[in-house]
Amino acid sequence: DPDVPAHHQPPQRRPTRALRVGDVPVGGGAPISVQSMTTTPTHDVNATLQQIAALQAAGVDIVRVAVPRQEDADSLAAIAAKSPVPVVADIHFQWKYAMAAIEAGMAGVRINPGNIRKHEKVKVIGDAAKERGIPIRIGVNGGSLEQDVLDRHGGVTPEALVESALAEARLLEEVDFFDTKISVKHSDPWVMIQTYRLLADACDYPLHLGVTEAGPAGTGSIKSAVGIGALLAEGIGDTVRVSLSADPVEEVKAAITMLESLHLRERGLDVVACPSCARAEVDVYSLADEVQKGLEGLDVPLRVAVMGCVVNGPGEAREADIGVAAGKGKGKIIRRGEVLYTVQESDIVETLVHFANEMADEIRAE
Ligand code: SF4
């Protein structure tokens, strides 16, 4: 942006290939996306969708769900169909679950070369993902490197992590699959920084950044800010996840703060809607549409949440600036986690728009 002084310009980004996770562009200069991972049992579809709603209200772009068991694999189609943000299936050990995830309409899969060992299976996954047009993340992890790689490098070194990732990428290239993003996470931020630098020099795939097992919110956020922040400042990184032993909403908040700190993300108006689950008593999507229309052109950083029920809606919307939790014929208007009023369903849009405009005036006056 020529109007922005040089010292306020964001870091120059490393050029990468471009891909899409659902409707979220990744790499190729696209805005850096924020990811998080649900902590609910994936087979509990309602609980998982509810947590996705909370993550979306906090500003997440992409959500990952774990698939440790068959019942989790079986629930992926329902989650993919209802989630308002793209969902990626996180696969370890069982290549068949990766196939199930692709079949279920997931927006992407993550595989770990350290535990899906058969090269032929990786190629089968690549073929299926190509057919569906979805990306694969190669997620190498300091804690689960292949034994032969460890032996060759004498332990978990940056070179070992990069070798493991690139060998997997090459397997996918053999079946003409290039919609790959790569992560080489390590729990030591300094090792992680060196590893990603090496990887960034060695390929042009988009990179997903993270410090693994960072720990509780306090120290974990600091470690992540050091590792992820250092790389982002060098222009490395296309998507990020802050891994905390805490509510995943905290991960999203920390990641967004990192991006804002480096001028890599400017907040604007953001109308989010819960995915709606069996509890929804209104048509969440039309309501969100009407709110979006009512607020069109608002030029301030404001997150507005439309939630489908009064049971979990207020909790799930707590990170939004203003929101509504709609119930039978009524709606609770929630400002920064606090319920202000209950209004008739027919007044929801008007009331929400009124308060959003009032908050926008306050923000502009700050
Ligand atoms: Fe959450 Fe209620 Fe929406 Fe279900 S309907 S996702 S419980 S806000």
Side-chain angles (χ1 to χ4, degrees), residues 16-27 33 35 37-38 42-43 62-81 83 86-141 143-149 161-185 199 202-208 210 212 238-239 241:
T16 72
R17 307 177 71 95
L19 53 81
R20 296 184 84 81
V21 181
D23 57 3
V24 177
V26 172
S33 45
Q35 304 202 18
M37 194 162 175
T38 50
T42 302
H43 60 85
I62 299 167
V63 171
R64 190 151 44 102
V65 298
V67 191
R69 284 176 296 270
Q70 186 61 46
E71 51 185 344
D72 302 310
D74 293 342
S75 68
L76 295 178
I79 293 170
S83 172
V87 185
V88 173
D90 194 66
I91 310 293
H92 292 269
F93 301 104
Q94 302 272 10
W95 73 279
K96 282 199 172 138
Y97 294 167
M99 301 302 285
I102 294 167
E103 192 59 34
M106 289 272 112
V109 291
R110 178 265 170 130
I111 54 174
N112 180 346
N115 56 37
I116 298 186
R117 303 301 311 277
K118 292 213 173 73
H119 291 175
E120 288 320 303
K121 301 301 185 209
V122 174
K123 291 188 193 176
V124 173
I125 297 171
D127 270 333
K130 195 168 79 177
E131 206 168 291
R132 285 280 189 141
I134 66 165
I136 293 177
R137 171 154 70 88
I138 298 173
V140 174
N141 208 311
S144 57
L145 266 186
E146 302 98 309
Q147 193 56 50
D148 54 327
V149 178
L161 289 156
V162 169
E163 182 188 309
S164 170
L166 292 180
E168 192 91 337
R170 256 175 248 124
L171 284 179
L172 293 173
E173 287 168 7
E174 280 176 32
V175 291
D176 267 337
F177 188 91
F178 294 93
D179 281 347
T180 301
K181 55 192 158 70
I182 305 183
S183 63
V184 279
K185 299 188 185 181
L199 181 63
C203 72
D204 66 354
Y205 286 118
L207 304 185
H208 169 71
T212 191
D238 302 282
T239 85
R241 180 197 175 195

Please tell me if the side chains of Val21 and Thr239 come closer than 4.5 Å, counting only heavy atoms from C-beta onward.
no
Per the side chain to side chain contact (heavy atoms under 4.5 Å, CB included) rule, which among Thr16, Leu19, Ile182 passes with Asp238?
Thr16
Pro86 and Ala107: which non-hydrogen atoms are nearest, and at how many Å?
CB-CB, 3.6 Å
Got a sec, which pairs hit salt bridge (Lys or Arg N to Asp or Glu O under 4.0 Å) with one end in residues 161-183, sequence neighbours left out?
Lys123-Glu174, Arg152-Glu163
Could I get the full list of side-chain contact (heavy atoms from CB on, under 4.5 Å) partners for Thr212, not counting sequence neighbours?
Asn141, Lys185, Ser187
Distance check, rounded to the nearest 0.5 Å: Leu171 atom CG versus Ile111 atom CD1?
8.5 Å
Name all pairs fulfilling the salt bridge (Lys or Arg N to Asp or Glu O under 4.0 Å) condition that reach into residues 65-75, sequence neighbours left out, sorted by first residue then second.
Arg69-Glu71, Arg69-Asp72
Would you confirm whether Arg241, through its side chain, and His208, through its main-chain N or O, come within 3.5 Å as a donor-acceptor pair?
no
Kindly indicate, with the supporting measurements, whether the criterion side-chain contact (heavy atoms from CB on, under 4.5 Å) is fulfilled by Leu199 and Leu166.
CA-CA 8 Å; Leu199 181 63; Leu166 292 180; 3.9 Å; yes
Check the pair Val65 / Leu76 against side-chain contact (heavy atoms from CB on, under 4.5 Å), numbers first and verdict last.
CA-CA 9 Å; Val65 298; Leu76 295 178; 3.8 Å; yes
Tell me, please, which residues at least two apart from Thr42 pass side-chain hydrogen bond (donor to acceptor under 3.5 Å, both in side chains).
none
Restricting to side-chain hydrogen bond (donor to acceptor under 3.5 Å, both in side chains), what partner residues turn up for Asp127, sequence neighbours left out?
none
Is there a side-chain contact between Leu172 and Ile138, using heavy atoms and a 4.5 Å cut-off?
yes
Can you give me the closest heavy-atom contact between Asp90 and Arg110, atom names plus distance?
OD1-CD, 2.8 Å
Could you tell me which non-hydrogen atom of Phe93 sits nearest to which non-hydrogen atom of Asn115, and how far apart they are?
N-OD1, 3.1 Å
Between CD on residue Gln35 and CD1 on residue Ile62, distance to nearest 0.5 Å:
4.5 Å
Note: Pro206 and Gly27 closest approach over all heavy atoms is CB-CA, 4.0 Å
Identify all side-chain donor-acceptor contacts of residues 95-102 below 3.5 Å with residues at least two apart in sequence or on another chain.
| residue | atom | partner | partner atom | Å |
| --- | --- | --- | --- | --- |
| Tyr97 | OH | Gln70 | N | 2.9 |

Taking all heavy atoms of Asn112 and all of Val140, pick out the closest pair and write down the distance.
OD1-CA, 4.5 Å
Nearest heavy-atom contact between Phe178 and Tyr205 is O-CE2, 3.4 Å
Inter-residue atom distance Ile136.CD1 - Lys130.NZ, 0.5 Å rounding
11.0 Å
